[in-house]
Amino acid sequence: MNSHAPLQNRNILLGVTGGIAAYKSAELLRLLRKRGATVRVVMTQSAQQFMGPLTFQALSGHQVYTSLFESELGDGMGHIELARWADLLIVAPATADFMARHCHGRADDLLVAICRATDASQMVAPAMNQQMWLDAATQQNVAQLQQQGIRLVGPNQGSQACGESGPGRMVEPEQLVEAVEAQFESGLLQGEHLLITAGPTREPLDPVRFLTNRSSGKMGFAIARAAVDAGAKVTLIAGPVALETPTHVHRVDVEQAEEMADAVTSHLADATLFIATAAVADYRPAEVAGEKIKKGATELQLKLVRNRDILAEVAAQPNPPFTVGFAAETERLRDFAQKKRQQKQIDLIAANRVGQPGTGFDADENTLSLFWEGGEKNLEQTSKQQLARQLITVIAERMDEKSRAEDS
Ligand code: CTP
């Protein structure tokens, strides 16, 4: 990560929909590449009425993707691969029709299907006739997109291709590039070093068996990614998970709780923020059998011993980083979470209710209730990536508040 080149090596997916401003997207593409980004382009059918895919192909150096089905051909990037590949999706120009289809969850062309399938931040640069922009339904759709966490850039006021004047002009490419840069360099955690644990741990019983839990690591990985986007240096200590390392994240893989504790200790020195999302096993088998345990008697007693509490150890350091813990509770969320926060002496706790379908362990969506000394905030159910961004915003505010309190 380089604060002076926020677009260096970033994967940007540029969606082009059918408006006269599509010609400006060619310039946008050129500018994004000039700043070091890798850009791939998705065009809707109507976009191709205004611009030929060849222009974008030549400027991006990649095949242009135009159909939900044909996209499986060529370089093999289907809509899911493209959705995963992107660090950011920007749709410019975005027509009224595209926004309507996006906000209502349609997935019947390549671009909206990618919008559904991606975790990346999304930006939309509307361009349309001023009357269409001011139309009540369009405005409702815009509000809904914003509610879904999608960032709108523009439109600007001015004279329009249709001869009218008013709001609806697409923001100029230079300004769009600045908005994209700002998105990557929101700077909330600029200069901070995040150390974060994620995933489950595995506590071996014998050479073939272990005790573990349902944690997928998704929340921790989403936070690591959001922290990089907010300008932090990130070290991720990961238990065994099936997830790709987010760009610019330094990842250290571990298996057992004690290994995780050691890895945290050895990376703690320059951490200014510690977030414990890992579902660390509280206990491990007292003895690990050297050979596979054979079945025999009708009962088998397992003796377990306590593991170190990584979060509590970090918080108890003489000069601890800002510490954030997670709490998974099935009942009395506020009481248990606050108690945990006070017991472990941590700055902020993020609690979620587990045991409900669709959220929590291994789900793609979650809700979080955040508690700190003298305050709390609920983050409504949304994707873990959106939630991670909102959490980072609250953490940055609390870190700011804490350092101001310490200075005064
Ligand atoms: N944690 C940790 N090291 C451990 C255990 C937990 O760092 N050995 C961290 C987790 O990453 C999480 C928080 O502590 O941030 C969870 O607290 P914990 O008291 O372990 O929660 P539960 O296991 O749910 O506790 P309880 O069974 O008491 O509810």
Side-chain angles (χ1 to χ4, degrees), residues 194-204 210-224 227 234-241 243 251-268 271 273-286 304-317 320-356 359-362 366-372 379 384 387-388 391-392 394-395 398:
L194 165 66
L195 180 62
I196 179 166
T197 64
T201 63
R202 280 180 183 168
E203 309 303 321
F210 49 76
L211 301 178
T212 190
N213 59 64
R214 288 180 186 279
S215 169
S216 64
K218 283 179 191 162
M219 194 67 225
F221 275 60
I223 294 171
V234 179
T235 305
L236 168 65
I237 314 290
V241 294
L243 296 172
R251 171 172 174 177
V252 179
D253 286 311
V254 295
E255 289 224 340
Q256 302 169 32
E258 296 294 290
E259 284 171 4
M260 187 175 272
D262 289 343
V264 166
T265 310
S266 65
H267 288 88
L268 195 57
L273 168 61
F274 177 69
I275 306 182
T277 67
V280 187
D282 291 322
Y283 294 90
R284 67 178 181 277
L304 303 176
V305 291
R306 275 292 287 272
N307 281 326
R308 291 158 62 187
D309 188 322
I310 305 171
L311 179 60
E313 276 184 18
V314 170
Q317 296 287 311
F322 189 92
T323 49
V324 179
F326 270 70
E329 308 289 353
T330 53
E331 54 167 349
R332 292 172 55 199
L333 195 75
R334 177 184 285 107
D335 293 353
F336 286 148
Q338 284 288 33
K339 203 165 142 219
K340 218 165 261 185
R341 187 183 65 76
Q342 284 155 0
Q343 268 169 0
K344 297 200 189 191
Q345 295 275 299
I346 59 178
D347 295 294
L348 188 145
I349 194 150
N352 68 309
R353 216 174 270 285
V354 285
Q356 289 171 330
T359 63
F361 285 137
D362 206 25
N366 209 356
T367 60
L368 284 179
S369 301
L370 311 182
F371 302 95
W372 59 90
L379 305 181
K384 286 186 174 173
L387 215 51
L391 175 65
I392 289 294
V394 176
I395 289 174
R398 301 321 314 157

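The basis for the numbers below is simple: all heavy atoms, side chains too, and nothing from hydrogens, waters or symmetry mates. Quantities reported herein were computed from a predicted structural model and do not represent experimental measurements. All residue numbers refer to positions in the sequence shown, counting from 1. First listed ligand is number 1; within each ligand, the first listed atom is number 1.
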- prompt: Do side-chain atoms of Q338 reach the backbone of D335 as a donor and acceptor pair under 3.5 angstrom?
  reply: no
Heteroatom distance test (A281, ligand 1): nitrogen or oxygen, under 3.5 angstrom = no
for atom 16 (C) of ligand 1, nearest protein heavy atom and its distance come out as F326 O, 3.0 Å
All heavy atoms of A281 vs all of A257, minimum pair found to be O-CB, 4.0 Å
Smallest heavy-atom separation, G220 atom then A198 atom, equals CA-CB, 3.9 Å
**Asked** Ignoring hydrogens and geometry, is there a side-chain-to-backbone donor-acceptor pair from E203 to Y283 under 3.5 Å?
**Response** no
A student checking ligand 1 against G325 at a 4.0 Å heavy-atom cut-off should list atoms 15 (O)
Logged contact type for L311 with ligand 1, heavy-atom cut-off 4.0 Å, is both
Among non-hydrogen protein atoms, atom 8 (N) of ligand 1 lies closest to R308 O, 2.8 Å
re atom 5 (C) of ligand 1, the protein heavy-atom contact at minimum distance is D282 OD1, 3.4 Å
Inset, instruction - Answer yes when R398 and D347 have at least one side-chain N-carboxylate O distance shorter than 4.0 Å, and no when they do not. - result: no
task: Looking only at distances, please establish whether an N/O atom of ligand 1 is found under 3.5 Å from an N/O atom of I310.
output: yes
Between I346 and A315, the two heavy atoms sitting closest are CG2-CB, 3.8 Å
Logged contact type for K340 with ligand 1, heavy-atom cut-off 4.0 Å, is side chain
among protein heavy atoms, the one nearest atom 4 (C) of ligand 1 is V280 CB, 3.5 Å
A278 heavy atoms within 4.0 Å reach ligand 1 at atoms 10 (C), 11 (O)
Does any N or O of ligand 1 fall below 3.5 Å from an N or O anywhere on E329, backbone included? no
Main-chain N/O of R306 paired with R284 side-chain donor or acceptor, under 3.5 Å:
yes
shortest atom 6 (C) of ligand 1-to-protein heavy-atom contact is with K344 NZ, 3.8 Å
Heavy-atom closest pair (V314 atom, P320 atom, distance to 0.1 Å) is O-CB, 3.5 Å
- Item | Sub-4.0 Å heavy-atom approach of N307 to ligand 1 | no
Here the pair of heavy atoms bringing S215 nearest to A279 is CB-CB, 3.6 Å
